[in-house]
Each structure stands twice: as C-alpha cells, then as structure tokens.
Chemist: 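I have a structure I would like to understand better, so I am pasting it below and will then ask my questions one at a time.
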Amino acid sequence: MIRTMNQFTRAVWDRPSCIQGVYLTNSARWFMAVVLLTIATLASAASWDDDSHYVSLGPRSGYYIVRPGSPLSHQLGVEAAPTIDTADPFRHGYGADALAFHFNHAGVLSAPPAYIVQAKPNEFYTVRLGSLIPGRATSRDVEAIVGRPQNIERRSDGVVTYYAIQVYNPFEDLGGRR
C-alpha cells in the first residue's frame, strides 16, 4: 500500500500542469466568489436608498414621508397609492407622487397623513399636511385643502383616501434623445 501511495505521489509531482490547473481552478472560483459578493453588496446598497420617516411638527401634528415600496409603506398600509415612477422611459420624467389619509368610520383622521414621494417633497403639500391634526381633522377638512380623492380604499377600521400629485423630474427626461 505504501508502494502504491509513493507511485501516486510521484505521478502527481511528475505532472506539474495538473497541479497548476487545480490551483488555477481554485483561484478562479475564489475570484468569482469575491466578485459576485462585491456586486451583490454594492447593488443592494445602491437600491436601498430608503429614507422614509416621520416628520414631527409639534406634539399633535406631523406626517410621514414614505418612499414607494419601502418597509414603512407596508407598515402604514399605503401600497395602493397611485404613484407613477418618473424614471419610466415612456413618460419622459413625468410621474405622480401621492398623499394618503386614513379616516375612521366617522370620517375623522385617525393617523398622521402619508406623503408618498419619489424624490423631494413639495413644500406646498408639506405645509398643508402639518395643519391636519389626527383625531380632529375630518375628511371635509382634507377635501378643502387638497380636493376630492382620486382613490378610496375601504378597510375594516375605516377608509384610506389617496390623492395623486403630478410631478416632473427633469433629470429623468430623455426627451427622445438617447
């Protein structure tokens, strides 16, 4: 058995190209693993630019700034917001953000409003959202500020009304030139 092992060892050492091929194959595997791991890390960091948060304007008023598809949008239950992505190449930078208001069955605002925004929030709407106090503001107060809702979602605990806000992002406008 020792003789067989010695013959095998000599056969392996006599074929250096085989050993180099094994080292090269292992090196290539490690290199590909590192490259794929790096790409996966950078891709997730670039696509996960979520800065959804609550903006407090005092002890009783405030609103949420929410990115479409963020964990906060799922938590608040505003996934049905009528947003349109400005990066859509067929829309040339035009899209829609949304406002969401949750009312109880009596028509009273039961939670802070949510501003579902793709880029930078519009100050015109953020100032108006700050004037709405949950527990006091009614659906008539909201309609007086932003008009009639585009979408209404009925739920067991009340109603969620959505308002679409037309937006334009010039950085997404290809203008037909590529």
Side-chain angles (χ1 to χ4, degrees), residues 39-178:
I39 290 172
T41 303
L42 293 177
S44 66
S47 66
W48 194 248
D49 189 23
D50 180 24
D51 61 347
S52 300
H53 62 283
Y54 179 74
V55 177
S56 177
L57 300 174
R60 298 183 306 165
S61 65
Y63 58 92
Y64 289 99
I65 296 291
V66 182
R67 299 292 175 197
S70 70
L72 185 58
S73 73
H74 297 299
Q75 182 181 353
L76 296 174
V78 293
E79 298 93 8
T83 59
I84 300 172
D85 192 4
T86 57
D88 183 356
F90 297 110
R91 300 193 60 82
H92 301 289
Y94 290 93
D97 290 342
L99 298 174
F101 299 92
H102 191 253
F103 299 101
N104 62 18
H105 290 293
V108 178
L109 190 64
S110 61
Y115 189 165
I116 298 94
V117 63
Q118 298 173 53
K120 186 177 178 186
N122 186 330
E123 188 178 339
F124 176 82
Y125 293 105
T126 57
V127 169
R128 280 145 185 82
L129 291 176
S131 68
L132 300 170
I133 299 171
R136 295 219 173 162
T138 64
S139 59
R140 292 181 194 259
D141 297 332
V142 172
E143 284 186 21
I145 293 174
V146 291
R148 299 196 46 85
Q150 281 80 19
N151 292 352
I152 298 174
E153 181 182 345
R154 303 205 185 282
R155 297 184 182 174
S156 61
D157 59 344
V159 190
V160 177
T161 59
Y162 295 104
Y163 298 82
I165 303 169
Q166 300 303 314
V167 294
Y168 174 67
N169 185 353
F171 297 108
E172 299 289 349
D173 185 5
L174 299 176
R177 298 177 304 272
R178 295 188 187 240

Chemist: To the nearest 0.5 Å, how far apart are CG in Asn122 and CZ in Arg128?
Modeler: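 Between atom CG of Asn122 and atom CZ of Arg128 there are 9.0 Å.
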
Chemist: What pair of heavy atoms forms the shortest contact from Ala80 to Glu153, and how long is it?
Modeler: CB-OE1, 3.6 Å

Chemist: Applying side-chain hydrogen bond (donor to acceptor under 3.5 Å, both in side chains), can you list everything that pairs with Thr161, at least two apart in sequence or on another chain?
Modeler: none

Chemist: Is there a side-chain contact between Leu57 and Tyr63 (heavy atoms, below 4.5 Å)?
Modeler: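 The answer is yes, as the side chains (C-beta and beyond) meet within the 4.5 Å cut-off.
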
Chemist: Taking ring pair (Phe, Tyr, Trp, His ring centres under 6.0 Å) as the test, write out the residues that go with Tyr163, two or more places apart.
Modeler: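 Applying ring pair (Phe, Tyr, Trp, His ring centres under 6.0 Å) to Tyr163 gives Phe101.
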
Chemist: Taking only residues two or more places apart in sequence, or in another chain, which ones meet His74 in a side-chain hydrogen bond (donor to acceptor under 3.5 Å, both in side chains)?
Modeler: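 Residues passing side-chain hydrogen bond (donor to acceptor under 3.5 Å, both in side chains) with His74: Glu79.
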
Chemist: With a 3.5 Å distance limit and no angle check, can you tell me whether Asp97 reaches the backbone of Tyr115 through a side-chain donor-acceptor pair?
Modeler: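 Pair absent, no side-chain N/O of Asp97 close to backbone of Tyr115.
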
Chemist: Measure across Pro82 and Tyr162 and return the closest heavy-atom pair with its distance rounded to 0.1 Å.
Modeler: CD-CB, 3.5 Å

Chemist: Which atoms form the tightest heavy-atom contact between Ser70 and Ser73, and what is the distance?
Modeler: O-OG, 2.7 Å

Chemist: Looking at side-chain heavy atoms only, is the closest gap between Ile116 and Val78 below 4.5 Å?
Modeler: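 Answer yes - side chains close enough.
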
Chemist: Can you see which heavy atom on Gln118 is nearest to which on Ala96, and at what distance?
Modeler: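 Looks like NE2-O, 3.1 Å.
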
Chemist: With a 4.5 Å limit on heavy-atom distance, are the side chains of Arg67 and Val117 in contact?
Modeler: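 Side chain of Arg67 against side chain of Val117, heavy atoms only: contact under 4.5 Å found.
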
Chemist: Between Leu132 and Ser61, which heavy-atom pair has the shortest distance, and what is it?
Modeler: O-CB, 4.2 Å

Chemist: Using residues 103-112 as the side-chain source, report each donor-acceptor pair under 3.5 Å to any protein atom, sequence neighbours left out, with the distance given to one decimal.
Modeler:
{"from": "Asn104", "atom 1": "OD1", "to": "Ala106", "atom 2": "N", "distance (Å)": "3.0"}
{"from": "Asn104", "atom 1": "OD1", "to": "Gly107", "atom 2": "N", "distance (Å)": "3.2"}
{"from": "Asn104", "atom 1": "OD1", "to": "Val108", "atom 2": "N", "distance (Å)": "3.0"}
{"from": "His105", "atom 1": "NE2", "to": "Ser156", "atom 2": "O", "distance (Å)": "2.9"}
{"from": "Ser110", "atom 1": "OG", "to": "His102", "atom 2": "O", "distance (Å)": "3.1"}
{"from": "Ser110", "atom 1": "OG", "to": "His102", "atom 2": "ND1", "distance (Å)": "2.6"}

Chemist: Which residues pass the ring pair (Phe, Tyr, Trp, His ring centres under 6.0 Å) test with Tyr64, sequence neighbours left out?
Modeler: Tyr54

Chemist: Got more than 12 heavy atoms from elsewhere within 6.0 Å of CZ, Arg155?
Modeler: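 Enclosed.
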
Chemist: Please output the side-chain donor-acceptor pairs of residues 140-151 that fall under 3.5 Å, not counting sequence neighbours, one pair per line with the distance.
Modeler:
{"from": "Asp141", "atom 1": "OD2", "to": "Thr138", "atom 2": "N", "distance (Å)": "3.0"}
{"from": "Asp141", "atom 1": "OD2", "to": "Thr138", "atom 2": "OG1", "distance (Å)": "3.4"}
{"from": "Gln150", "atom 1": "OE1", "to": "Ala164", "atom 2": "N", "distance (Å)": "2.8"}

Chemist: Enter the distance from Leu99:CG to Thr126:OG1 here, rounded to the nearest 0.5 Å.
Modeler: 10.0 Å

Chemist: Kindly give the heavy-atom pair with the smallest separation between Gly62 and Pro113, and that separation in Å.
Modeler: O-CD, 3.6 Å

Chemist: Check for a donor-acceptor pair, side chain of Arg91 on one end and backbone N or O of Ala87 on the other, with a separation under 3.5 Å.
Modeler: no

